[in-house]
Amino acid sequence: MQYHRQRAETPQPSPARLSEGPYHVALHRRRDRSQMAGRLGRGRPLHRAAQRRQAQILRARDVPLPLGADPHGPRAQLHDGRRHRASQGGDGHNVLHPMGWDAFGMPAENAAMASGGHPKEWTYNNIADMRAQMKPLGLSIDWSREFATCDPEYYGQQQALFIDMLEKGLVYRKNAVVNWDPVDMTVLANEQVIDGKGWRSGADVERRELTQWFFKISEYSDELLSALDGLDDWPAKVKLMQANWIGRSRGLEMAFGLTETTHGHDRIEVYTTRPDTLLGASFVGISPDHPLARALEAEREDVAAFCAEARRGGTTEEALETGEKLGFDTGLTVRHPFDEGRALPVWIANFVLMDYGTGAIFGCPGHDQRDLDFARKYDLPVISTFAPAKDDGQALAEDGGPAYVPPKSEPVIYIRGFAGETEQSGETAIDAAIAFCEEHGVGRGVTRFRLRDWGLSRQRYWGTPIPIVHCADCGAVPEKKENLPVRLPDDVSFDVPGNPLDRHPTWRDAPCPRCGKAARRETDTMDTFVDSSWYFARFTSPRAETPTDMAEAEYWMNVDQYIGGIEHAILHLLYSRFFARAMHATGHLPEKAIEPFNALFTQGMVTHEIYQTRNANGRPVYHLPESVENGALKDSGEKVEIIPSAKMSKSKKNVVDPDAILAQYGADTARWFVLSDSPPERDVEWTASGAEAAHKHLARVWRIADEVAEATDGDTDADEDLLRQLHRTIRDVTLGLESFGFNAAIAKLYAFTSVLSKSSASAGTRRVAARTLAQLMSPMTPHLAEEIWTRLGGEGFVASAPWPVAEERFLVEDSVTLPIQINGKRRSEITVPKAMPKDEIEALVLGDEAVSKALGGAPRKSSSWCRAGSSMWSSDPSRRRWLLGALALGGCGFTPAFGPGGDAARLHGKVRVEAPATFLGYLLRARLLDRLGPAEAPRYVLTLETSEEVEQAAVSAEGAVLRYRLLGRAEYELRPLDDDPALARGTVEDFAGYSATLGTVASEAAERDARERLARLLTVQITTRLLAVPAPE
RNA sequence: GCCGGUGUGGCGGAACGGUAGACGCAGCGGAUUCAAAAUCCGCCGCCCACAAGGCGUGGGGGUUCGAGUCCCCCCACCGGCACCA
């Protein structure tokens, strides 16, 4: 190891200690954000403050899959340790840092199918490997709580949970569609469907219905949505994604009556979020799995043929949205509720899914692009119900244009409205339409959620068996708890497709738990998301005989800091939030834990560039990084193609092997590099040169520390300077670590290392500095920090020493550097004593050569300068301050006409503004008041009249982007309050441009933006003119 | 297609709305060395260069005294889209 060679030059502790280290700390400390400020501000150590023993679990998600199955594992490890220490560092708290393995799932089955082994063996082998790789990383994990989700002790408790949830009514059965491979006769996961075909058989995948188990997560839709508000330490983007996913909407539930009763159906139920477009309905679409379609299918061959065709393809939303839209006219018709004469055809459509809503929709081609495409394809009528409030020259859908889908807040003109005003926004129209429909007995307004219930059944072996026995007499009966766990049989094979549990000779046989008669076990297993939805709770009492021990859960929950990839933003995190609530409802978690994760951080991944060659058939062959050198294969010398890094995957051989990293560089270097190179929420590209640089730097730090340890003299005059830099570094690094800004914090450490190496300060001061440096590095490089700490006489472990505190007296500056900006560009800078009066500074600035050059002899307006000065000088003295040159230039910049001391001070605060109640009028008034100040004692009144129009200015070459011009005009009149003759009156005009794309909905916002700009332009004109008015007195 | 995000030198990336490119890598120059490794010092956005200057944060517009940062439109890429986890 290179580490050894370099360090051998000076007497040092043994290399083994450096890489493995005695470092393990069970008791972590914590400081919280609120105390940060106090510590920095008053130089008071905060550790005393945290006396209360506070329970917390760190390290939660990314119970990594066995290595090879989940490429995120290594990164998660490298990250977590440092992160926890980084966010702790304080003192006095118990920290639980457990480790577990999310071990069920398809990768194990796939490996078994590929290699003929058994998933269990494969999984436990990988766990052993990964554990071995992880232990040297210095992560201070509590291994006594380790478990894998495929341990019967774990999944047995999960089965108990399932039974409790069933009894609480949170589990039920219903039909749902799955991807069906008709050749392999097996259910496929979405990822096994490639371009609509099965991954093994290549056969066209079909959608097929099966009876499956569901968790009633939708019962918590409202709760899961509204509780997002309380998650202050979650990223806003994750909360937004969850909110959109839950998707609360208000709409109308109604039925179209069939003109003739068919197969017992006299109506078709639909739900719509746009009941205001009801008169634009031109057809009714039902799912191929709709009961009516099913009934028709049974007796009509043409229907059956179409339904078979329509069921082709995957079940994902993406496949449905982007796939070809197919329809079949059943010949049936329904009556329009508000137009008895009109009969709408009933079509079976492949994009209507039975799982969503009622499995039926009404099509409104005028205002939905998908419906429009469908209508044009099958020559169905297109009826528009509303048109833009302002004619933009764009044809309506019924005249051959695109579907018109404005934002719901935009006012439009209803040409086929039936409730509310002619001109109104979609929002108000929807409310009016719902009210109207309810009044006339057509349906009712309901609030719905997009969130669907969670189908947990999987027709696979390697998962938690669903603890249900199907009895001919008693139906589906939960297994008795004393019979748990329902164990997976070991004697299974994967040589044929399908679920091994299904074809196991004896496993299915079980007595009915209720009546004792011979019955059959459920052969579906649980979604592995179930496993990962409650393991954090299990960590609080991993060996308990019940899912959790309430006292332990009460003690440890909640998870303070949860770390996971952004790819878990919706499903995993939402399911966990649901499970926490379900576990509370079933008595397995305290109420405080229904939001289990107090703070969430989304991290990136470690990536590596991919090395690829091509074989004789031109198919890519991938190579491991260690077999490549200088852009060519080490053994054959063949050139490799380098593909920029992508998500690590075993198949592309760009996986970074933690073993290799550790062997070559050691844990400290690996962690230092991963943290220093990019912000933690982003992916890290693993590069050998980057790791090398990290390694060199750590060696340098050691060298410096060693020199410092030996040093006996130095210049005490330089102490002050070094201490300044040190305390500045303490402040910056501490703040950086607090806010997950690791890479920036590490940059500061680099800088300080350089300062220290050049410092001529006294030996004692340098020792303190080096020791503190080590301490600041300790979250990233625990081993090295511990070595240096000990060598430089630190007491105990660096990990248990109080975190350093930046002392205010070393942070204050005597002088300050002021960049000088003229017209927004930096032209020069001066450094002045902090206490220098502004007049002197001004003189200095004006005397500056670069400044006078930039000013080019332009006359300076003293009033402007004054304003600039006063506004700047009142700001926080410790902050960098600016001289604003722009205001000083005659002819450019703006004149602060109505500011205090300005020419028009006579009007300031004395003008009442009266504007019409138009949007533009409102904006103008607000702008004018901004400039004139609120009229506390009005002496004048400014009356405005406004008008505006939109003009189409240009069309882009492709005709896709339209450019508009918003023309505005304002008439103003200023008169004294008690006097008739006007002091000033006139008209100002201007315009503001904006562009919008055809068929998109963004035009409203663009126009609003333009109107604001217009108001500003008009305001400037008006104020300029008012300025010219001679003083009335 | 829908939802969310990202876009800054050759590269990874810094920048409370205030000196764009901190820090690192690569590159270039120098010191040390018989030489090399290691180490140390310096330079390092682009254009024009003697300098002065000009241009620059995916593209187009806007707000602002001042925009990488805020607003609008567009483009590209990444994540998610309910059976990968």
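Within every chain, numbering begins at 1; the chains are lettered A, B, ... in the order of the sequence lines, protein sequences first and strands thereafter.
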Taking only side-chain N and O atoms of A:R703, does any of them lie within less than 4.0 angstrom of OP1 or OP2 on B:rA38?
no

Selected nucleotide, minimal atom distance to A:D527 side chain, candidates B:rG4, B:rA82, B:rA85
B:rA85

Name the closest nucleotide to the A:H568 side chain, picking from B:rA14, B:rG4, B:rA85.
B:rA85

A:E567 side chain, from C-beta outward: closest of B:rG79, B:rG4, B:rC23
B:rG79

For B:rA85, does OP1 or OP2 lie under 4.0 Å from any side-chain N or O of A:T528?
yes

How would you list, by chain and number, every residue that makes a ring pair (Phe, Tyr, Trp, His ring centres under 6.0 Å) with A:Y575, sequence neighbours excluded?
A:W454, A:F529

So does A:N743 get a side-chain nitrogen or oxygen closer than 4.0 Å to the phosphate oxygens (OP1/OP2) of B:rA14?
yes

Less than 3.5 Å between a donor and an acceptor, one on the side chain of A:E318 and one on the base of B:rC81, is that the case here?
yes

With A:L749, which of A:D732, A:V701, A:V733 fulfils side-chain contact (heavy atoms from CB on, under 4.5 Å)?
A:V733

Candidates B:rA15, B:rA82, B:rC40 - which lies nearest the side chain of A:R700
B:rC40

Compute whether any side-chain donor of one residue and acceptor of the other, for A:N499 and A:Q459, lie under 3.5 angstrom apart.
no

Whole Å only: how far is the OH atom of A:Y575 from the P atom of B:rA82?
9 Å

Salt bridge check: are A:E209 and A:K174 linked by an N-O gap of less than 4.0 Å?
no

Between C1' on B:rC81 and CG on A:L451, what's the gap in Å once rounded to a whole number?
13 Å

Against the side chain of A:L571, the closest entry in B:rC84, B:rC41, B:rA82 is B:rA82

Please state whether the phosphate of B:rC41, meaning OP1 or OP2, lies under 4.0 angstrom from any side-chain nitrogen or oxygen of A:K758.
yes

Can you tell me, in whole Å, how much space there is between the C1' of B:rA67 and that of B:rG79?
28 Å

Below the 4.0 Å mark, does B:rG4 have OP1 or OP2 next to a side-chain nitrogen or oxygen of A:N244?
yes

How close or far is atom C1' of B:rC23 from atom CG of A:D732, stated in whole angstroms?
13 Å

In Watson-Crick or G-U wobble terms, both distances under 3.5 Å, what is the partner of B:rG27?
B:rC43

So, does A:R370 get its side chain near the phosphate of B:rC2, meaning an N or O under 4.0 Å from OP1 or OP2?
no

